[in-house]
S.K.: 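Mind having a look at this structure? Questions to follow.
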Number of protein chains: 2
Amino acid sequence: MDPKPLLDCFKKYISLTNEEELLLLSKVTYRKYLKSQYIVQQGDICKFTGFIISGCTKTFYMDDGGQEHIILFAIEDWWTSDLGSFIAQSPADFNVQCIENTELIQFSFDAIEELFIEIPKLERFFRKIVERAFVSTQKRIVRNFSLTAKEQYVQFKNMYPTIEQRVPQYMIASYLGITKEFLSKIKSQLLLE
Amino acid sequence: MDPKPLLDCFKKYISLTNEEELLLLSKVTYRKYLKSQYIVQQGDICKFTGFIISGCTKTFYMDDGGQEHIILFAIEDWWTSDLGSFIAQSPADFNVQCIENTELIQFSFDAIEELFIEIPKLERFFRKIVERAFVSTQKRIVRNFSLTAKEQYVQFKNMYPTIEQRVPQYMIASYLGITKEFLSKIKSQLLLE
DNA sequence: AGTAAATGTTAACCTACATTAACATAATTT
DNA sequence: AAATTATGTTAATGTAGGTTAACATTTACT
C-alpha cells in the first residue's frame with residue numbers, strides 16, 4: 001500500500017512529524033473491495049471511516065418502497081463512511097457500496113479516538129474535513145430548492161465531470177432526485193440546444 | 001450577560017477549567033439584535049459564529065428570481081452563522097436574519113483561531129458540533145427525496161414543535177421547499193383526517 | 001380606534017416531473 | 001457467439017405541487 005495520497009491529504013490542513021505519520025499509519029488498515037461490495041450496510045454499526053486510494057463509491061438510502069436515493073458519490077482522495085453512524089456508533093441510515101473496485105485506508109472508531117489523544121492536531125484536521133462536507137451538503141440543499149432538474153444536471157456535470165463519466169446515468173438520476181427516464185429526456189433536450 | 005447556557009453547551013462535549021472558561025469568555029462578545037435585523041448578509045464576509053442565548057434566526061438564500069429559500073432555523077442553544085463564509089472568510093452565500101429579538105454570544109474568526117491554539121480541546125468541541133450539523137443536513141436531503149411535502153411537514157412539526165409555533169407559516173413553507181399556498185392546503189387536509 | 005402591513009386561505013388552472021410499459025443497446029457471463 | 005443482465009431511450013398518461021389572483025384575518029403602527 002502507498003500511503004502518500006493519505007498523507008498529502010493531511011498535509012493540506014496540518015503538518016505531521018515523521019513519527020506522527022508512522023504512528024498514524026500503524027493504526028490504519030488498508031483494504032480492497034470489489035465492485036458491488038458493501039463497505040457499510042444500512043442498520044449495521046459503521047465501524048470505519050475510510051479514505052479512498054482508488055475507485056468509486058456511492059452512499060445511498062433505501063426507502064420503505066425499496067427505492068435507492070443516492071446522497072453522495074466518493075472517488076480518490078475523498079473520505080467516505082456513514083458519519084452519523086460512525087460518530088454515535090449507532091445503526092447506519094445509509095449503505096456505502098462500491099461502484100468500482102475500490103482501495104481504502106480505514107480508520108476504526110477506536111483507532112481514531114486513540115489518535116486524537118496521541119496527536120491532538122488531528123482533531124483540527126477532521127474538523128476541517130467535516131466543515132467542508134457540511135458546507136457542500138448545505139449547498140446541495142440550495143441547488144435542490146432553487147434549480148430545475150435540468151439546471152442541476154448541468155451543474156453536476158460541470159462540478160464533477162469525472163464522476164459523470166464514471167457512473168451509470170441512472171445513478172446520477174438518483175443523486176439528482178429524479179427518475180432515469182426524466183434524466184434521459186433532459187439529455188436529449190440538451191443535445192438539441 | 002449570563003454565559004451559563006454557552007458553558008453548558010461546551011460541557012456536553014469537553015470539560016474546561018475555570019481559567020479556560022475565563023479566557024474563552026474574555027474573547028467573545030455579547031450582542032443583541034432586534035427582530036428583522038441581519039446578522040449576516042449574502043455577499044459579505046461572515047465575521048462571527050454565534051451561540052444563541054435567546055431568540056430565533058433564519059438562514060436563507062435569495063435566488064436570482066428574488067425568492068427566499070430558508071435552509072435553517074436556529075433558536076436558543078444553537079449555533080448560527082454562514083459556516084462556509086466563516087471558515088473560508090469568503091463572501092456569504094446566505095443571509096442570517098432575526099425572526100425575534102435575539103441575544104447572541106459571538107466568536108470572531110480571529111478569536112476562535114487564537115482560542116484553538118490556547119485551548120486545543122476546543123477543536124474537538126467544534127468538530128463534534130459540525131459533525132452533528134452535517135449529519136442533520138444529510139438527513140434533511142434524505143427527507144427531501146423520500147417524503148412528500150405533507151409527510152415532511154408532519155415530521156417537521158414533530159421534530160421542532162417550538163419552532164413550528166414561533167415562526168410564520170410562510171417561512172415553514174420556504175424551509176420545506178413548497179409555497180405557502182400549498183402548505184395551507186396541506187394543513188386543511190390534515191384537519192380533515 | 002383606525003389604517004396599513006403582514007400573514008393566511010381558497011380555488012382555477014398550469015407545469016415539472018413521475019409512472020408505466022415497450023423497446024434498444026451495451027456489457028457480462030457461459 | 002449466444003444468452004443474460006445491466007443500462008438507456010421514447011412516448012402516453014397521471015399527479016404533486018406551482019402560479020395567479022381574490023379575499024380573509026391578524027398584527028403593528030399613528
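Naming convention: chains lettered A, B, ... in sequence-line order (proteins, then strands); numbering from 1 in each chain.
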S.K.: Among D:dT10, D:dT19, D:dG17, which is the nearest nucleotide to the side chain of B:A149?
M.R.: D:dG17

S.K.: Can you tell me how far P of D:dT7 sits from CD1 of A:I172, to the nearest Å?
M.R.: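 Taking atom P of D:dT7 as the reference, CD1 of A:I172 is at 12 Å.
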
S.K.: Closest approach of B:G84 and A:V135, non-hydrogen atoms and distance?
M.R.: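 Looking at all heavy atoms of both residues, the closest pair is CA-CG2, 3.4 Å.
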
S.K.: Just how far, in rounded Å, is C1' of D:dG17 from CZ of B:F145?
M.R.: 16 Å

S.K.: What integer distance in Å separates A:Q97:CD from D:dA6:P?
M.R.: 12 Å

S.K.: Counting the atoms with a prime plus P, OP1 and OP2 as sugar-phosphate, which does B:Y170 contact under 4.0 Å by heavy atoms, base, sugar-phosphate, or nothing?
M.R.: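 Since only primed, P, OP1 and OP2 atoms lie under 4.0 Å of B:Y170, the category is sugar-phosphate.
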
S.K.: What are the two closest heavy atoms between A:F48 and A:S81, and how far apart are they?
M.R.: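 Heavy-atom minimum between the residues: O-CB, 3.5 Å.
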
S.K.: Measure from CZ on A:F182 to P on D:dA16 and round the result to the nearest Å.
M.R.: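 Rounded to the whole Å, the gap is 17 Å.
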
S.K.: Rounded to the nearest 0.5 Å, what separates atom CG in A:L7 from atom CD1 in A:I105?
M.R.: 7.5 Å

S.K.: Side chain of B:I178 only, heavy atoms from C-beta on: which candidate in D:dG17, C:dG8, D:dT10 is closest?
M.R.: D:dG17

S.K.: In whole angstrom, give the distance that lies between atom CD of A:E68 and atom P of C:dA18.
M.R.: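 For the pair A:E68 CD and C:dA18 P, the rounded distance is 16 Å.
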
S.K.: Nearest heavy atom decides the nucleotide; on that basis, is B:K187 or A:Q67 closer to the 5' end of DNA chain C?
M.R.: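 Closer to the 5' end of DNA chain C: B:K187.
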
S.K.: Let me know the distance between CG of B:L183 and P of C:dT9, rounded to the nearest Å.
M.R.: 8 Å

S.K.: Can you confirm whether more than 12 heavy atoms, excluding those of B:R143, are under 6.0 Å from its CZ atom?
M.R.: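 Count over threshold, so yes.
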
S.K.: Using a cut-off of less than 4.0 Å, is there contact between a side-chain N or O of B:T179 and OP1 or OP2 of D:dG18?
M.R.: yes

S.K.: Parallel, tilted or perpendicular: which fits the ring planes of B:F156 and B:Y175, with parallel below 30° and perpendicular above 60°?
M.R.: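 Taking B:Y175 first and then B:F156, their aromatic rings sit tilted (interplane angle of 30° to 60°).
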
S.K.: Using atom CD1 of A:I186 as one end and atom C1' of C:dA18 as the other, report the distance to the nearest whole Å.
M.R.: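 It works out to 12 Å between those atoms.
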
S.K.: Taking only the side-chain heavy atoms of A:Q169 (C-beta and beyond), determine which of D:dG18, C:dT9, D:dG8 contains the nearest atom.
M.R.: D:dG8

S.K.: Judged by each residue's nearest nucleotide on DNA chain D, which is more toward the 5′ side, A:K180 or B:K35?
M.R.: A:K180

S.K.: Take the protein atom NZ of B:K185 and the nucleotide atom P of C:dT9, then report the distance between them rounded to whole Å.
M.R.: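 In whole Å, C:dT9 P and B:K185 NZ are 14 Å from each other.
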
S.K.: For C:dA16 and A:T148 - does any side-chain N or O of the residue sit under 4.0 Å from the phosphate oxygens OP1/OP2?
M.R.: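 Answer is no, no contact under 4.0 Å.
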
